[in-house]
Colleague: 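Just passing along the structure, written as structure tokens.
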Amino acid sequence: LIQVVGSIPPLRTNKILKVVGSGTKKIAYKLDNDHIFSLFQTGYGGDEYDDLNWYAGIQDRQFKGESSVDEPAIHDYGEVPFPDQSDRTLRYVEMSGIVPLSEDGPSSIKTTTELELVRLDWDVVQVAKFVEASLYHGMLVKDPISLDKKVGLVQHWWRNRKSLPFAKEEDILDIKVDILPPDLIMNLIKTLVKLAVRLKTTHVLQDIHPGNLGMSIENPDEFVVIDI
């Protein structure tokens, strides 16, 4: 493992300071250059999509000047093999422009207590659950309408969620959020709709939490997805 980690380019010149998020397949760290660095073996979606392809797509859009505020700035990504194990690799990505939610809440909320962070986690999960149900029942992932219209529809449904025909079926009739104000909820919905539509699957929304979300440094009230 030491050989593998030593062969990862970002770790040749930067040191890991602390863990900022973790899941079943990944760990995200903060480097001493203030970038976020993630190590993982496989992604959440299995065969549906590949994490490295997702990061590559983001970087490609950045080079073309088409990147979105809800995406991190990708500096480097790749994979390195384990010695004598050609079928096993360790993947990595280095990104910047993000303050992880696990490290600090949105500046407009200034969450400080442990209870507030737990409530923020609950809010994020509830909004993600709503977006997943809306995209599924509205059949919006593959709908040919524009991405902005899809975002607008889901935001409209959130405001009128008690009248949605599928709300009771999906147990989202009485969703309540305690920490996130309305404007940040709209921003989070926008970020999650764009994520699911770009990846062409709602499955990714089942694993959204403060450990894989952050806030944009340049636009402090904009959410950024760190890992999928």
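Just so you know, these numbers come straight off a predicted model, no measurement behind them.
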Colleague: Is the CD atom of E218 crowded by more than 12 outside heavy atoms at less than 6.0 Å?
Modeller: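 No, the 6.0 Å shell around CD holds no more than 12 heavy atoms from other groups.
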Colleague: Are F166 and V141 linked, directly or through intermediate hydrophobic residues, by side-chain heavy-atom contacts shorter than 4.5 Å (ILVMFWY only)?
Modeller: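 Linked within one cluster.
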Colleague: Please name the pair of heavy atoms, one in P220 and one in M215, separated by the smallest distance, quoted to 0.1 Å.
Modeller: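 Heavy atoms of P220 and M215 come nearest at O-CE, 3.1 Å.
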Colleague: How many angstroms lie between atom CD1 of I175 and atom CZ of F130, to the nearest 0.5 angstrom?
Modeller: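 So the CD1 of I175 and the CZ of F130 are separated by 7.0 Å.
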Colleague: Can any side-chain N or O of D123 pair as donor or acceptor with the backbone N or O of D178 at less than 3.5 Å?
Modeller: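 Yes, the answer is positive, given that a donor and an acceptor are paired below the 3.5 Å cut-off.
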Colleague: How far apart are the C-alpha atoms of L205 and L135, what are their side-chain angles, what is the distance that settles it, and do they pass the side-chain contact (heavy atoms from CB on, under 4.5 Å) test?
Modeller: CA-CA 10 Å; L205 301 178; L135 290 174; 4.0 Å; yes
Colleague: If we only count heavy atoms from C-beta on, is the P10 to H75 side-chain gap below 4.5 Å?
Modeller: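 Sidechains of H75 and P10: no contact.
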Colleague: With rounding to the nearest 0.5 Å, note down the distance linking CG in L11 to OH in Y92.
Modeller: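 The distance works out to 9.0 Å.
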Colleague: CG of N53 to CG of D60: how many Å apart, nearest 0.5 Å?
Modeller: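 N53 CG to D60 CG: 11.5 Å, rounded to 0.5 Å.
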Colleague: Do W54 and L147 sit in the same hydrophobic cluster, where Ile, Leu, Val, Met, Phe, Trp and Tyr count as joined when their side-chain heavy atoms come under 4.5 Å apart?
Modeller: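 Yes; L147 is reachable from W54 via cluster members.
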Colleague: Within this structure, what is the CD1-NZ distance for the pair I145 and K142, rounded to the nearest 0.5 Å?
Modeller: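 The NZ atom of K142 is 15.5 Å from CD1 of I145, to the nearest 0.5 Å.
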Colleague: Closest approach of P72 and I58, non-hydrogen atoms and distance?
Modeller: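 That would be O-CG2, 3.4 Å.
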Colleague: Minimum heavy-atom separation for D121 to P210, with atom names?
Modeller: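 Here D121 and P210 meet closest at OD1-CD, 3.2 Å.
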Colleague: Compute whether any side-chain donor of one residue and acceptor of the other, for E94 and H35, lie under 3.5 angstrom apart.
Modeller: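 Judged by distance alone, the side chains do pair up.
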Colleague: Taking the side chain as every heavy atom from C-beta outward, state whether I36 and L31 have any atom pair closer than 4.5 Å.
Modeller: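 Of all side-chain heavy-atom pairs linking L31 with I36, none is under 4.5 Å.
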Colleague: Counting C-beta onward and ignoring hydrogens, is there a side-chain heavy-atom pair between V131 and I208 closer than 4.5 Å?
Modeller: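 Heavy-atom side-chain distance check fails, nothing below 4.5 Å.
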Colleague: Would you please classify the geometry between the F40 ring and the Y55 ring as parallel, tilted or perpendicular, with 30° and 60° separating the classes?
Modeller: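 Correct class here is tilted.
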Colleague: Quick one: do I189 and Y136 end up in the same hydrophobic cluster if we chain Ile, Leu, Val, Met, Phe, Trp and Tyr together by side-chain heavy atoms under 4.5 Å apart?
Modeller: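 No: no chain of side-chain contacts under 4.5 Å links I189 to Y136.
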Colleague: Hey, does M186 have a side-chain heavy atom less than 4.5 Å from the side chain of W158?
Modeller: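 Answer yes - side chains close enough.
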Colleague: Using side-chain contact (heavy atoms from CB on, under 4.5 Å), reason through R161 and I172 one step at a time and then give a plain yes or no.
Modeller: CA-CA 8 Å; R161 57 191 179 279; I172 57 175; 6.0 Å; no
Colleague: Would E71 and K194 pass as an ion pair if we require N to O under 4.0 Å?
Modeller: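 No salt bridge links E71 with K194.
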Colleague: Going hydrophobic residue to hydrophobic residue with side-chain gaps under 4.5 angstrom, can you get from L153 over to L195?
Modeller: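 Shared cluster, yes.
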Colleague: Can you get from V125 to L101 by hopping between Ile, Leu, Val, Met, Phe, Trp and Tyr side chains that sit under 4.5 Å apart?
Modeller: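 Each belongs to a different hydrophobic cluster.
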Colleague: For the residue pair R119 and W122, would you count it as a cation-pi contact if the rule is NZ or CZ under 6.0 angstrom from the ring centre and within 45 degrees of the ring axis?
Modeller: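 Relative to the ring axis of W122, which defines the angle, R119 lies outside at least one limit.
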Colleague: Would a 4.5 Å heavy-atom cut-off, applied to side chains only, mark Y29 and K18 as touching?
Modeller: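 Of all side-chain heavy-atom pairs linking K18 with Y29, none is under 4.5 Å.
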Colleague: Test your reading of the model: is there a side-chain donor-acceptor pair from K150 to the backbone of D143, 3.5 Å cut-off?
Modeller: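 Side chain of K150 to backbone of D143: a pair is present.
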Colleague: In Å and rounded to the nearest 0.5 Å, what is the CG to CZ distance from N14 to F37?
Modeller: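 It is 9.5 Å, given to the nearest 0.5 Å.
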Colleague: Got Q62 and I74 here, is their nearest side-chain heavy-atom distance under 4.5 Å?
Modeller: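 Yes, side chains in contact.
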Colleague: Donor-acceptor check, side chain of R12 to backbone of S7, threshold 3.5 angstrom: yes or no?
Modeller: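 Flag set: sc R12 to bb S7 pair under 3.5 Å.
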Colleague: Would you call V197 and L140 a side-chain contact if the rule is heavy atoms closer than 4.5 Å?
Modeller: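 They are not in side-chain contact.
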Colleague: Quick one: NE2 on H209 to CG on L120, what's the gap to the nearest 0.5 Å?
Modeller: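 It comes to 12.5 Å.
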Colleague: Would you sort out whether I217 and I98 count as a side-chain contact (heavy atoms from CB on, under 4.5 Å), showing the intermediate values?
Modeller: CA-CA 5 Å; I217 291 177; I98 315 151; 5.7 Å; no
Colleague: So which of L199, D227, L192 actually passes side-chain contact (heavy atoms from CB on, under 4.5 Å) with V204?
Modeller: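 In the set L199, D227, L192, the residue that makes a side-chain contact (heavy atoms from CB on, under 4.5 Å) with V204 is L199.
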Colleague: Taking the side chain as every heavy atom from C-beta outward, state whether K190 and D70 have any pair of such atoms under 4.5 Å apart.
Modeller: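 They are not in side-chain contact.
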Colleague: Between T191 (side chain only) and F223 (backbone N and O only), is there a donor and an acceptor less than 3.5 Å apart?
Modeller: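 Checking the backbone N and O of F223 against the side chain of T191, a donor-acceptor pair under 3.5 Å is found.
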Colleague: Can you name the nearest heavy-atom pair linking G138 to W157, along with the distance?
Modeller: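 For G138 versus W157, the nearest heavy atoms are CA-CH2, 4.0 Å.
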